[in-house]
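A short worksheet on the structure shown next.
Source: prediction; values computed, not measured. Along the sequence shown, the residues carry numbers beginning at 1. The basis for the numbers below is simple: all heavy atoms, side chains too, and nothing from hydrogens, waters or symmetry mates. Ligands are counted one by one from 1 in listed order, and the atoms in each one are counted from 1 as well.
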Amino acid sequence: MERPSNQILAIFGASGDLAKRKLMPSLFGLFSRGFMPEKFAVVGVSRTKFDDESFRKYAGENIKTFLKGKELNAEMLESFLSRVFYLCIDTCNENSYLQLRGKFIDVREKTGVADNILFDLATPPDMYSIIPRALKNAGLNKSQEGGFRRIIVEKPFGSDLESSQNINSELLKIFEENEILRIDHYLGKETVQNILVLRFANGIFESLWNRNFIDSVEIRASETLGVENRGGYYDGAGALRDMVQNHLLQLMAFVAMEAPATFDSESIRDEIAKVLRSLKPFSDSDIRKNAIRAQYSGYAQEKGVAKNSSTETYAALKLFIENWRWGGVPFYIITGKEMPEKTSEILIRFKAPPQKLFKGQCCGSSCNSLAIRIYPDESISLMFGLKVPGAGFEVRQVDMDFDYKSISPTRLPDAYERLLLDAMLGDNTLFARNDSQSYSWKFVEPILNYWRREGRKNLHIYEKGTLPPVFEELRESNLCKINPVHIESGK
Ligand code: BG6
């Protein structure tokens, strides 16, 4: 595996939740596995009063907390933290960026790192134009020494088409498109990347991967947690903006895309953009029929949530991709908080055989399916019918499983580890491109507007830990109950 070149990682919002839970533990995870550059420095930037030493202590404690149970070597941690620095500034005040410039010079002297900087904006989105502009005015957005600049932007990337385009056009005045890395942590998940390999490194699936053989595709991400302490953000977002516009539509694009001409980032991102551009727009009557929203009971009493909030904590869509491969195949996208279980999976349902010849034979489109599981286990399983041993021809549904643990006994890297490594390497394949962001916003915007107009009218309320009953109404396909037997692959 290639190692990134020497660089500084400048994390804005370094004392915030994301840096604490994901960024610092992931950087340490990369360091322990030997994937960090030979020379690097992490510079935390935020308003909270820390200096280098106290920030190291704070970061060390968080790494221990969030890497619990995973590899943690005290000496290694010490060595990582010796490369961590901190600058306390008011990031809204442009004058303070001269201090940041000074800090970079100082850190480079201490660590011998070249003039390469990866900025990570782990901040509220209202900083996405303020920080880049201040970086530009301080001359920090370009290297004077032939080094590189890159910038990672976390979601939410705007709240509608217009705001996301405004953020983009501001960013594009300061950085080039290939320097902007819009992170979507779902694309850092191993199983998601494996969709490309499963489809394009095998001859068996791709020939069936179209409207002639596939009945429907279901992409589901349910969570048992509610909005926790993020009510303020979530109430302005809702499930459609929080999960569908980005994570789930990107997953859908991986499932639906054509094979790229070559395996390079632009060819892959071209294919992703084409899928999102081909989404059939929802008319008002499509929304009434094919878009369901619901809210868990008690949501409006959560901290930070408006008392009469109509924000959806559950959304289910039945959508169509209008192209030759997928014309007429429904894609179900379902996500919700406070659900009975936490699962993320993609289910490809194949069409049923035309005849029912055997006793016990499964009858519907759920009988032959391919499940690509992202959570709880990263695994893939194929479901089909086999003969029960003994006399007669009785059929039993079985599933053939592939579990990642069987290919690699070590833990799978966290999605952020993979994406931060790619960002350091300058590989933007797994980051959302400007155009695909806009196509997804274009698709979800009419639904958002319609729901806003409706307010609480037609908003379903569901009890925590239950599924909103409405979804089965949306899915009219012929599903039948099955009772799978487990077969280990390769046995
Ligand atoms: C985030 C959303 O992007 O993804 C959260 O903002 C959600 O609301 C989270 O809980 C889900 O991620 P995962 O990896 O736990 O499925």
Above 12 or not: heavy atoms from other molecules or residues under 6.0 Å from CZ of Phe263? no
Phe85 and Phe55: CA distance, side-chain angles, deciding distance, ring-ring contact (aromatic ring centres under 6.0 Å, His included) verdict: CA-CA 7 Å; Phe85 302 84; Phe55 184 66; over 10 Å; no
Could you check whether Asp90 pairs with Arg47 (Lys NZ or Arg NE/NH1/NH2 to Asp/Glu carboxylate O, under 4.0 Å)? yes
Contact table ligand 1 N or O to protein N or O, d under 3.5 Å:
unit_1, atom_1, unit_2, atom_2, d
ligand 1, 3 (O), Lys155, NZ, 2.8
ligand 1, 3 (O), His247, NE2, 2.7
ligand 1, 6 (O), Lys155, NZ, 2.9
ligand 1, 6 (O), Arg230, NH2, 2.8
ligand 1, 6 (O), Asp242, OD1, 2.6
ligand 1, 6 (O), Asp242, OD2, 3.4
ligand 1, 8 (O), Arg230, NH1, 2.9
ligand 1, 8 (O), Asp242, OD2, 2.6
ligand 1, 8 (O), Lys337, NZ, 2.8
ligand 1, 10 (O), Glu223, OE1, 2.5
ligand 1, 10 (O), Glu223, OE2, 3.2
ligand 1, 10 (O), Lys337, NZ, 3.2
ligand 1, 12 (O), His185, NE2, 3.1
ligand 1, 14 (O), His185, NE2, 2.8
ligand 1, 14 (O), Lys189, NZ, 2.6
ligand 1, 15 (O), Lys342, NZ, 2.9
ligand 1, 16 (O), Tyr186, OH, 2.5
ligand 1, 16 (O), Lys342, NZ, 3.4

Result for side-chain contact (heavy atoms from CB on, under 4.5 Å) between Phe35 and one of Leu421, Leu420, Leu27 points to Leu421
Criterion side chain to side chain contact (heavy atoms under 4.5 Å, CB included) on Gln295 and His460, from CA distance to verdict: CA-CA 6 Å; Gln295 187 185 82; His460 299 271; over 6 Å; no
Strictly under 6.0 Å, is that where the ring centroids of Trp441 and Phe157 end up? no
